[in-house]
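We use all heavy atoms of the structure for the numbers below, so side chains are in, but hydrogens, waters and symmetry mates are not.
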Amino acid sequence: MHKITDYDKRILHEIVSLTEAHNGRPPSLAEITLALGYPNSSRGNIQKQLVKLRPTYVDWGEGSRTLHVTQPGRAVLEIPISKDNDGFPIPDTVLTLIASGLTSLLADVSKGQPFHAPFPDAWQRGINMLAAECFLRNVDPPGHLHAAFELCRMPLKEWPVRFSLPSLLLDEALLDENNQPTSLCREYALTRCDAEQEACQKIMVAVLGDARHSRIPDAYVSFRQFLIEHPVVTEEELLEKSFDPQVGTLGSHFIDLYERVPNSFFEADKVLLCGFCGWTLQRTRGRLCCGDDRCRVLTGDFIQISIKTKKGSPGKLFRVRPAIRRYVVAPGIYEIGLKNRLEEMGIIVQLWPGFDAYDLQIFFSDDSVWAVDVKDWKFPHLLASHLTPLDDRGNLQWQRSFYAIPDQRIQEYHGYLDILQNAAAGNNFSVLSINDLIEEIHKYKERLHQ
């Protein structure tokens, strides 16, 4: 066993302090290094020391931000330890695995397949880890699949084990009332593998592959923009766009990204469309529902933003597949919206440069270039590990780079930007709201014309 030193105690103390300061969110290596008063370049030395302290005094899981001080580590710091069996929190790696497994299980159900063994590896590993943690605390784990699903419908704070997470996350469940993955579930799954996102990626990777092979970046932009702006189309519109010279050979992929609108969505000779994302709405138990509950929030229960309609008959209307709606259309609305607002200011903007290396490339009259990637996540703690430096190779070079967050997300979660800005400390990009980014661009443009 590694013999603990005063230097080790300082590291342990900073881990505990930073975790408490951020409402239970474990710190990153960069945050620990800065808190100790060392330059960012010293992270490697801190990492080596943590490896020596593991697993006796510290430990971490597969996911991001899972570093925590163990009970022996807390004892070294003379921090009182709860005597309850469930007092010590477990790594949220368990949640990452269960969430990833849930998306796979429910993706199969959406295709008409019943639950059956063997279950997805992530699900099985997550449930096994949860069971082991329950046994250590002398509490009963979920004994079968339906019991596990029932647990996933409960807020995390009601689970038989305790997680070291901010209270806003603990108030959330992994499944909603319709047995669909919640935002928390999907964002945890994204740190490993969301089955719906994986399905979306497979399709879009094929499109990107063809676009790169044919060297037609403009066609890729037209193709992606059409998906975002036309989530529901008639059969005639779909065929016409498939042969549009603007998308070239990529048009053959449209048939893989659209599906027929189910008959149950029709009301007489039309379907109702969401006022935010433009996808099909369905009445369920007297309420209108879109692809996920986020649209309900953004439209004020589909009242504050008017519902649209699309005329057509069963078998003649098509909509983008659910995975495309969630991972291309929904975020794309912010990307195209930002582009349009900047172009109204006279700014030159390129969408998805370098075959989607990032979202927007912004050009100024002094030949400087800014790069922007838009991120629409509910929980900043889970987004933090996905913020990495943007590509600046070749024609993608930039002078400033940004991650832009929809303003609604920031208004809904107190301290949203603080969490991300702390995580991004020492990096060569800034994190701010979309409106603040527009103001920053406006100020820079004004300075150029003085």
Please state whether the rings of [X] and [Y] are parallel, tilted or perpendicular, taking 30° and 60° as the class boundaries.
{"X": "F223", "Y": "H253", "value": "perpendicular"}
{"X": "Y403", "Y": "F429", "value": "perpendicular"}
{"X": "Y413", "Y": "F379", "value": "perpendicular"}
{"X": "H386", "Y": "W377", "value": "tilted"}

Donor-acceptor pair, distance only, cut-off 3.5 Å: does the side chain of [X] make one with the backbone of [Y]?
{"X": "H68", "Y": "V58", "result": "no"}
{"X": "Q421", "Y": "V431", "result": "yes"}
{"X": "W279", "Y": "V232", "result": "no"}
{"X": "D301", "Y": "I303", "result": "no"}
{"X": "N263", "Y": "P314", "result": "no"}
{"X": "T234", "Y": "E237", "result": "yes"}
{"X": "N427", "Y": "A424", "result": "yes"}
{"X": "S252", "Y": "T249", "result": "yes"}
{"X": "H213", "Y": "G209", "result": "no"}
{"X": "N128", "Y": "Q124", "result": "yes"}

Worksheet item: Between L105 and F149, is a side-chain contact (heavy atoms from CB on, under 4.5 Å) present by the stated rule, with each step listed?
Response: CA-CA 11 Å; L105 284 169; F149 264 64; 4.0 Å; yes
To the nearest 0.5 Å, what is the distance between [atom1] ([X]) and [atom2] ([Y])?
{"X": "L102", "Y": "R186", "atom1": "CG", "atom2": "CZ", "value": "10.0 Å"}
{"X": "E344", "Y": "K339", "atom1": "CD", "atom2": "NZ", "value": "10.5 Å"}
{"X": "F402", "Y": "I434", "atom1": "CZ", "atom2": "CD1", "value": "13.5 Å"}
{"X": "Q47", "Y": "S42", "atom1": "CD", "atom2": "OG", "value": "13.0 Å"}
{"X": "R260", "Y": "F265", "atom1": "CZ", "atom2": "CZ", "value": "15.5 Å"}
{"X": "S222", "Y": "D244", "atom1": "OG", "atom2": "CG", "value": "7.5 Å"}

Quick check: closest heavy atoms across [X] and [Y], and the distance to 0.1 Å?
{"X": "A384", "Y": "A423", "answer": "CB-CB, 3.8 Å"}
{"X": "I438", "Y": "R341", "answer": "CD1-CZ, 3.1 Å"}
{"X": "L281", "Y": "C274", "answer": "CG-N, 3.6 Å"}
{"X": "L298", "Y": "I305", "answer": "O-CD1, 3.5 Å"}
{"X": "L227", "Y": "M204", "answer": "CD1-SD, 4.3 Å"}
{"X": "V261", "Y": "F318", "answer": "CG2-C, 3.9 Å"}

Considering only NZ, NE, NH1 and NH2 on the basic side and carboxylate oxygens on the acidic side, decide whether [X] and [Y] come within less than 4.0 Å.
{"X": "D292", "Y": "R325", "answer": "yes"}
{"X": "D210", "Y": "R212", "answer": "no"}
{"X": "E177", "Y": "R287", "answer": "yes"}
{"X": "E150", "Y": "R153", "answer": "yes"}
{"X": "E229", "Y": "R224", "answer": "no"}
{"X": "E187", "Y": "K378", "answer": "no"}

Do [X] and [Y] have side chains that get closer than 4.5 Å, going by heavy atoms?
{"X": "L360", "Y": "L351", "result": "yes"}
{"X": "N340", "Y": "V349", "result": "no"}
{"X": "P181", "Y": "L106", "result": "yes"}
{"X": "I362", "Y": "I347", "result": "yes"}
{"X": "L50", "Y": "L29", "result": "yes"}
{"X": "Q399", "Y": "V369", "result": "yes"}
{"X": "F276", "Y": "C290", "result": "no"}
{"X": "P155", "Y": "D171", "result": "no"}

Please check if the number of heavy atoms outside [X] that lie under 6.0 Å from its [atom1] is greater than 12.
{"X": "F243", "atom1": "CZ", "result": "no"}
{"X": "N395", "atom1": "CG", "result": "no"}
{"X": "E240", "atom1": "CD", "result": "no"}
{"X": "D367", "atom1": "CG", "result": "no"}
{"X": "Q246", "atom1": "CD", "result": "no"}

Discussion item. Salt bridge (charged side-chain N to carboxylate O under 4.0 Å, His left out) for R409 and D407? Distances and angles first, verdict last.
Written reply: CA-CA 5 Å; R409 292 293 193 190; D407 290 72; over 6 Å; no
With a 3.5 Å cut-off and no angle check, do the side chains of [X] and [Y] form a donor-acceptor pair?
{"X": "S433", "Y": "Y416", "result": "no"}
{"X": "E172", "Y": "T182", "result": "no"}
{"X": "Y358", "Y": "D392", "result": "no"}
{"X": "E335", "Y": "W352", "result": "yes"}
{"X": "T33", "Y": "R43", "result": "no"}

Worksheet entry | Distance flag, aromatic centroids of Y444 and W370, threshold under 6.0 Å |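 That pair passes the under 6.0 Å test.
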Practice prompt. Apply salt bridge (charged side-chain N to carboxylate O under 4.0 Å, His left out) to R393 and D391, showing your working.
Written response: CA-CA 6 Å; R393 294 171 294 177; D391 196 342; 2.7 Å; yes
Worksheet entry | Pair E236-K316, salt bridge (charged side-chain N to carboxylate O under 4.0 Å, His left out): steps then yes or no | CA-CA 8 Å; E236 183 180 349; K316 298 296 184 179; over 6 Å; no
Discussion item. Run L272 and R283 through side-chain contact (heavy atoms from CB on, under 4.5 Å) and show every step you take.
Written reply: CA-CA 10 Å; L272 305 180; R283 297 187 191 276; 3.7 Å; yes
Worksheet entry | From CA spacing to verdict: side-chain contact (heavy atoms from CB on, under 4.5 Å), H230, Y258 | CA-CA 10 Å; H230 300 85; Y258 283 84; 4.2 Å; yes
Discussion item. The test is side-chain contact (heavy atoms from CB on, under 4.5 Å); show your working for L288 and Q282 and say whether it passes.
Written reply: CA-CA 5 Å; L288 288 172; Q282 183 178 31; over 6 Å; no
